[in-house]
Structures are given as C-alpha cells and as structure tokens.
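Pasting a structure here, questions to come.
For ligands, and for the atoms within them, numbers begin at 1 and follow the listed sequence. Starting from 1, each residue takes its place in the sequence as its number.
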Amino acid sequence: MSSSAQRIKIAVQKSGRLTDHSFDLLERCGLKLRKSKDHLFCYGENMPIDLLLVRDDDIPGLVSDDVCDLGIVGLNVVEEKRLARLAEGHETLFDKVYDLDFGHCRLSLAAPDDCEYRGLESLKDARIATSYVNFLRDYLTKNGISADIEYFSGAVEIAPKLGKADFICDLVSTGGTLAANGLREVEVLMHSEAVIVQTRAPLSDDKQDLVDRMLQRLDGVLQARGSKYVMLHAPRSALGEIHALLPGSEAPTVVPLDGAGDKVAVHAVCRENVFWETLENLKAAGASSLLVLPVEKMLA
Ligand code: PRT
Ligand code: ZN
C-alpha cells in the first residue's frame, strides 16, 4: 500500500443525510472501500484514496487546514464556515469544485402562521433563532436590517413556541417540519446542495494527477446521471424535426437500416430527462421503435 503522504484523503459525513449519497458517488467513480473497525476511516482498496468519516460541520475546516484534500459537504455548511472564519479574520483555503446534485435544501426564514409578515421590514428588531448565525448576520447586514440573532444548535423550529424567538432561520426541504410546528417559509436566503471542495494547499504531482482523475470520473458520473441514450427509427426526411425534439442532444448517429428504404436508425445521448411527452412528439414526427436507456458512465 502507498504511504499515507501519497494517499488522497476525502472528508465525508460519517452518519447523516449526505452519507449514503456520498458513498454511492465515490463507488460509482470506481472506488472500492473497506471500513476501519472504529468506523472513523474507509480505506480505498483499489486506489490510493481514503475517507475520513466526520461530522459535516468539521469538513470545511479539515479541507481548509489541509488535513483532507477533498471534502463532500452541503453548501450551507461551507458558506456558514466561510463567513465564520472571515469574521475571525481568516480566509478559507479551499475551492468549491463541483455541485453534486443531492442534499438539495434551502436556508429560509420562517414565521409563525399567525404572524402578519410584511417583508424584510417585519424583521426589524425581531429575535431570530438559528444555528446559521454568520450567514443570517451577513444577509441582514446586506439588507440593512438590524435584528437580534439567537443561537440555537438544534430544534430551532420550537424556539417561537417556547417564546425564545419571533422568527427562525433554518434548513427546509419539504417544509413538513415547519408546518408541523405552526411555521411558514417567508424568505429563502440560499439554495443549497452537496458540493465537493478541494484544499488550496499545493499537492504533489502524483496527488494532483489522482485528484484530477477522480474529478474527471466524478464529472462523468454526474453527466451520465442526467443523461439518457435514445434509439429510434425514422424516415430520413423527418431527421431535422426529430433532432430538434431530442432534448440536449448534440450530433446524433444516423445509420441506414438494411432493406428499409428511406428509414434510418437514430442514436443520441440526451443531456436531459426524456419525458413521455417528448416520446409522443417524436412519434408524431414519424419516429417508431423508440427506446430510452439509462447511461452508466461517460468520458469525454
Ligand atoms: O451529525 P452531523 O453534524 O454530521 O449531521 P447534521 O445533523 O448536522 O446534518 P444532517 O445529516 O441532518 O444534514 C446534512 C446536510 O444535509 C445539511 O447540511 C444540508 O446540506 C442537507 N439537507 C438536505 C438537510 C435537509 N435537506 C433537511 N431537510 N439538512 C437538514 N434538514 C432538516 C430540516 O432543517 C428539518 O429540520 O431536516 C428536517 C426536515 O426537513 P423538511 O423541510 O423536509 O421537513
Ligand atoms: Zn452537522
């Protein structure tokens, strides 16, 4: 096995909403993983890449301090930590390299159902409970609002009921938790999803090559995930219309069909989802024998 200095370390959430998706993504990139007995590490068995399993809040710091080369974490956590370090006079030393298209949520302000909300003015001198103190402070400052920010580390949504706050600022995905607590979303401060961040510390050539290879595979997995392979038959005269109907496709492959006169087979990679409506429109344009297949891997 290569020495630990030559191995890439990726910080991944140990146990939470991002964990399964993060493992799935890395395994799709071809990484075979074995967990350590204490469940703090995962060793790459077929590549010199190891995972450090930690709380998501620790990931930006581990990457910024160059303990890990890469990290997978929600943009909401990245931004909160970036602003916290900035407030202490430190720059963050990492760059966001990819949006990963999972862990989607919003950081929102919510008000009690019986509160008459009249826009940002209503927040003036109000008490707002949140664990996103730095992000909220930055947002309020940018909007010229002065309010009291109350730090809550968990269960923020119960703060108004306890009489501890007038509003809350927290993550929302379906909105079910807000509704169950008699709250409604009134402002969206940020749309978030999981992202991959890379340290700004210079890497050795070998490590940089490996990081580049991993990121290229990641790009392939993400592109494949949003793509479909479409196969159909069509009269050559309908090709213009059919190409225009195929969502996000570049140059389709057109192959003559043996003994079928003017008919050709068309194969195309569509970079978007292909809905039933699209298939119906393709059929109306003269296409037949339509097949839509998932794409597993892509390498440009
Ligand atoms: O232990 P550790 O510190 O690692 O985990 P954690 O408890 O801090 O984080 P975790 O696992 O709850 O979330 C990890 C990341 O998932 C977050 O930082 C976000 O980037 C992302 N994410 C996506 C969410 C949600 N969706 C989400 N819905 N994080 C939290 N929630 C909360 C929300 O605040 C609400 O309380 O889930 C609850 C249900 O949401 P609704 O709107 O669907 O009811
Ligand atoms: Zn956390």
| query | Which single N/O/S atom of Asp57 lies at minimum distance from the Zn ion (ligand 2)? | reply |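 Considering only N, O and S atoms, Asp57 comes nearest to the Zn ion (ligand 2) through OD1.
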| request: May I ask you to check whether Ser108 and Glu185 show a side-chain donor-acceptor distance below 3.5 Å? | output: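 Glu185 and Ser108 do have a side-chain donor-acceptor pair below 3.5 Å.
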| field | Reference residue Arg225; test salt bridge (Lys or Arg N to Asp or Glu O under 4.0 Å); the match among Asp24, Asp219, Asp101 | value |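 It is Asp24, the one option of Asp24, Asp219, Asp101 that forms the salt bridge (Lys or Arg N to Asp or Glu O under 4.0 Å) with Arg225.
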| query | Hey, what's the ring geometry for Tyr117 with Phe167, parallel, tilted or perpendicular (30° and 60° as the breaks)? | reply |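 Answer is perpendicular, since the angle exceeds 60°.
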| query | Using a threshold of 4.0 angstrom between heavy atoms of the protein and any atom of ligand 1, which residues qualify? | reply |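 The 4.0 Å shell around ligand 1 contains Gln13, Gly16, Arg17, Leu18, Arg55, Asp56, Asp57, Gly74, Asn76, Val77, Gly103, His104, Cys105, Asp170, Leu171, Val172, Ser173, Thr174, Gly175, Gly176, Thr177.
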| query | Asp56: which N/O/S atom is nearest the Zn ion (ligand 2)? | reply |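 Closest to the Zn ion (ligand 2) among those atoms: OD1.
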| request: Classify the side-chain pair Asp95/Gln198 by whether it contains a donor and acceptor separated by less than 3.5 Å. | output: no
| task | Would you please say whether a donor-acceptor pair under 3.5 Å links the side chains of Asp212 and Gln208? | result | yes
| said: Tell me every residue that passes side-chain contact (heavy atoms from CB on, under 4.5 Å) with Asp65, counting only those two or more places apart in sequence or in another chain. | reply: Val67, Arg85
| query | Does the side chain of Asp206 come under 3.5 Å of the side chain of Ser204 through a donor N or O and an acceptor N or O? | reply | no
